[in-house]
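So the structure is just underneath, and the comments pick up after that.
Chain identifiers are assigned alphabetically (A, B, ...) following the order of the sequence lines, protein sequences preceding nucleic acid strands; residue numbering begins at 1 within each chain.
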Amino acid sequence: MLDRVFDPKSFETNFSFDIEASQRNLKAEPFMILLPPPNITGSLHMGHALCFTLQDIIARYKRLKGFDVLFQPGLDHAGIVTQLLVEKKIYASGVQKGTLTREQLLKEIWFWKESSGYKILDQMKRIGISCDFSRLRFTLDEDSKKAVSKVFVQLYKRGLLYRDQRMVNWDPLIETAISDLEIVEKEIDGHLWHIKYELEDGSDFITIATSRPETLFGDVAIAVSPNDKRYTRFIGKNVKIPLIDRIIPIIADKYADPKKGTGAVKITPAHDFNDFEVGYRHKLPIIDIFNTKAELNDKVPEIFQGMDRFEARKKVLELLGKKELLVGIENIKQILPFGDRSGVILEPRLTYQWFINVEKLAKPAIEVVKSGKIKFIPKHWENLYFEWLENIRPWCVSRQIWWGHRIPAWYGPNNQIFVAETESEAKAQAIKYYGNNSIELTQDPDVLDTWFSSSMWPFITLGWPQQTKELERFISNMIVVTGFDIIFFWVSRMIMMSLFAINEIPFKNIYIHGLIRDSKGNKMSKSKGNVVDPLSLCDKYGADAVRYTLSYLSSPGRDIKMNDQVVELSRNFLTKLWNVVRFAQMNGCTNDNEYDPNKVIHPLNKWIIFEIKNMVISVEEALENYRFDDATRFIYQCLWNSFCDWYMECIKPILQQTSLDYTKLEGYNLNQTLLKKEIRDTVAWSILQFTKVLYPITPFISKKLSGELGVVEISWPQIKNINIDFKQSIKEVKLLQGIISSIRSLKQCLQMSVGKKLNVKLEVMDTSEGNFIESHGIIISTMANINFVDSVNKQIPLVFNGAILHVGIDEKVDINKEKIRLKNEIENFIKMRDATIFRLNNSDFIQKASQNTIEEHKKRVEKLNDKISKIEYIIHNLEIIQ
RNA sequence: GGACAUUUAGCUCAGAGGUAGAGCAUCACCUUCACACGGUGGGGGUCGCAGGUUCGAAUCCUGCAAUGUCCACCA
């Protein structure tokens, strides 16, 4: 017997889903869910919980539907993040910065990974994610390394990957290049300083505006617009750079915008993307004044050398001020690029890096989505995908850090590059090239962008480059579930790489879920302190409640506002379910394998079977379309409104009765014992259907409760074989519900004294409905809390098909309220009826509306007329009493 | 500057060319034997605004507004 109190902690931790997650059926249709590998530095946040839960719902549903499901977990080595974290730890322990060798650092990181890198997997298990943990993959394991090298070489051989000296975004804290996607732009309050540059001969000066005065040491020209009359006379003359008096030319270039600043702009090719372009056009030199940490180098006067860029700015301004060359300061809003990992302002920097010419890879990737081979759900995310791919720029894939896939490129003495999967192959190439086998090769010190290996995740997890059975079976039969924020980083690159490396689409569907927000709709962030921790929610309400909430709130294209209150709702629902099973146990309802829903006789049983069948069909349809919200809602409504509020309440009086016998009734042929047995079996059967459809969403409680009723293995409901004719039963139960609701409303309106039962005289017409009402009187009297009597004095008649219920009322009761209520009701019905009649009288409507619609309208008028006349009858009688 | 999304009850959100929905909150009543994390009965909305298409628009189209997000640019 279940505990009186529903406490998820009492059973959730007892369950493990490892076995079913690893069970495979090679004869069944394959289906894979591509789990985005969390970082080894990660711990489970709400976004993970959402993403993984939705995937787990799909995985479990597909398993129940008989698919061969592969749901494989993985971990991402997360280059920069992990290296920063471990370095910080090492430095905190007293090690001097910069003294660590590459080998020492890598050893420390591997050690850290083995001791703390698996935390998130346990947290995933806590929320019931049923991956096959025996197939765990890591983006930096040996097989991944082989695959990464192979693809790198392929790209290189096809000319899609190259090494080049170009301007890149440089992170001076981590001292590495990063890709365009790793930039976060932030608006800050900045200044525009106006600085005088004197002409070489001292005869005049030109004033430029800059937000970065410290870069003047790297200036190589002043540019003005060729159309700017203010400056025409300066073009071709030379100026002296303030403080250092180096001579540079004034040039005309369309880049200089007369409307911006002073119209004259200093050109510093080494430290600005646009200036680099201008410098290139005018064949100007490039003077890089920073080291890798963005400290000033030996290209500047000695007092500035080694100075940080911001310190240098202050000093430059101070000196300019003293020389009266600083002639104005404007306050401006600036949008500056920050490193998303380091949080510092990035510097444009000219370096040698490896780039992928993604433009070529993008074309087929656009095509597979345009042609519908790959679908985004919701569809509108395609726009974002296309927009990015159509304007894509080369992807800088090299990083000047140590933790990651080492670039498989080696350099000979004259810097000749040898790209190969292994060092010995590179060596072989070198021997051929130099005709000499005593050549020393040095491997490129850099590693690849973490997203390079992530982009290969769909096929490296399946064993590529080996042609495994899994690869053949599951590639292209996948769904990926993720957030919109990594469509660029991950999704699009996986599509490009799969098409390139294995010539297959990696997956068919991309489900893009919403963003988790706090209850006010703000993004969750540590700095705001509004982060909701999924694991503490699990501790408070249970993992099932958290999962249920996420599923319930996952409407396509909408963000999820998460707070305790919504999880409470889920917990309440699960409590309800828990108590339903307690009821079943108290009434001896357990699973009977002989039970056949097609053979039930009692209309209530037929009706609830019908309701459940419909619910299952709806849930299936919803899940097939990834409408987790709908699926959850259908189950909720069926369990709570149909099963608990009506079915269970109706059968209670029957189970408690000792003298009820349906054998007399035509077509029933149910004696007391058989009837109760049929009800108990239907209760158990119904609950089991609920545990089945809920299993993908709330696996813990489903498993627990199903077990309580004697079923250990959970399967998807078999409802296709249920083919009884429900029509009559639905009609009867609706009649029953109508009668009960009417009496309840009436009673409430009359404000009868607490707990007092109404006396009702039942007048039965000799019809099947009449007989039905009479024989189910026990249900009506219990549910509506009335006594059936032979006669009543002062009464209100309630008219139904087949019977009139004369509701006896107290002499003192004020029936005016009831009259007002009924008059309002009748007014509404009349309005509705007249609107419908008006439409039917409209010749355009009759001509143009569909036949079905017209029929519906006619039926509606009939029904409304019937209701109206019944209420009129009651009002008429009320007036007589008065 | 460009694009996308959102706008429906006090709140959170479904819906959708033909009678405006749910949960929470609210009001009234009820400790009845599965459940007060419960039950019963109520109240509450010109579906952001303005046009258009249609017999009929909350729903389709156009424009606008507000909010959010992304991309691009900025001396």
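In the interface, the side chain of A:Q637 is not paired with the base of B:A14 through any donor and acceptor atom under 3.5 Å apart.
For the P atom pair drawn from B:G18 and B:G56, the interatomic distance equals 14 Å after rounding to whole Å. Rounded to a whole angstrom, the distance from the P atom of B:G43 to that of B:G10 is 16 Å. Taking atom P in both B:C60 and B:G17, the straight-line distance is 7 Å, to the nearest Å. Between B:C64 and B:C73, the distance separating the two C1' atoms is 26 Å to the nearest Å. For the C1' atom pair drawn from B:C55 and B:A14, the interatomic distance equals 29 Å after rounding to whole Å. Comparing the C1' positions of B:A57 and B:U62 gives a spacing of 15 Å, expressed to the nearest Å.
Residue A:N572 places at least one side-chain N or O closer than 4.0 Å to OP1 or OP2 of B:G38. Look at A:R393 and you'll find a side-chain N or O under 4.0 angstrom from OP1 or OP2 of B:A72.
Within residues 841-854 of chain A, the residues that have a heavy atom under 4.0 Å from RNA chain B are, in order of number, A:N842, A:D844, A:F845, A:K848, A:A849, A:T853.
Two rings, from A:F6 and A:W578, have their centers less than 6.0 Å apart. Ring centroid separation for the pair A:Y511 and A:F628 comes in under the 6.0 Å cut-off. Under the 6.0 Å cut-off for aromatic ring centres, A:F700 and A:F11 do not qualify, their centroids lying 6.0 Å or more apart. A ring-centre distance under 6.0 Å is not found for A:F205 and A:Y197.
Listed by first and then second residue, the side chain to side chain donor-acceptor pair (under 3.5 Å) pairs involving residues 826-836 of chain A are A:R833-A:N865 (not counting sequence neighbours).
Stem list for RNA chain B (at least 3 consecutive Watson-Crick or G-U pairs, distances under 3.5 Å): B:1-7 with B:65-71, B:10-13 with B:21-24, B:26-30 with B:38-42, B:48-52 with B:60-64.
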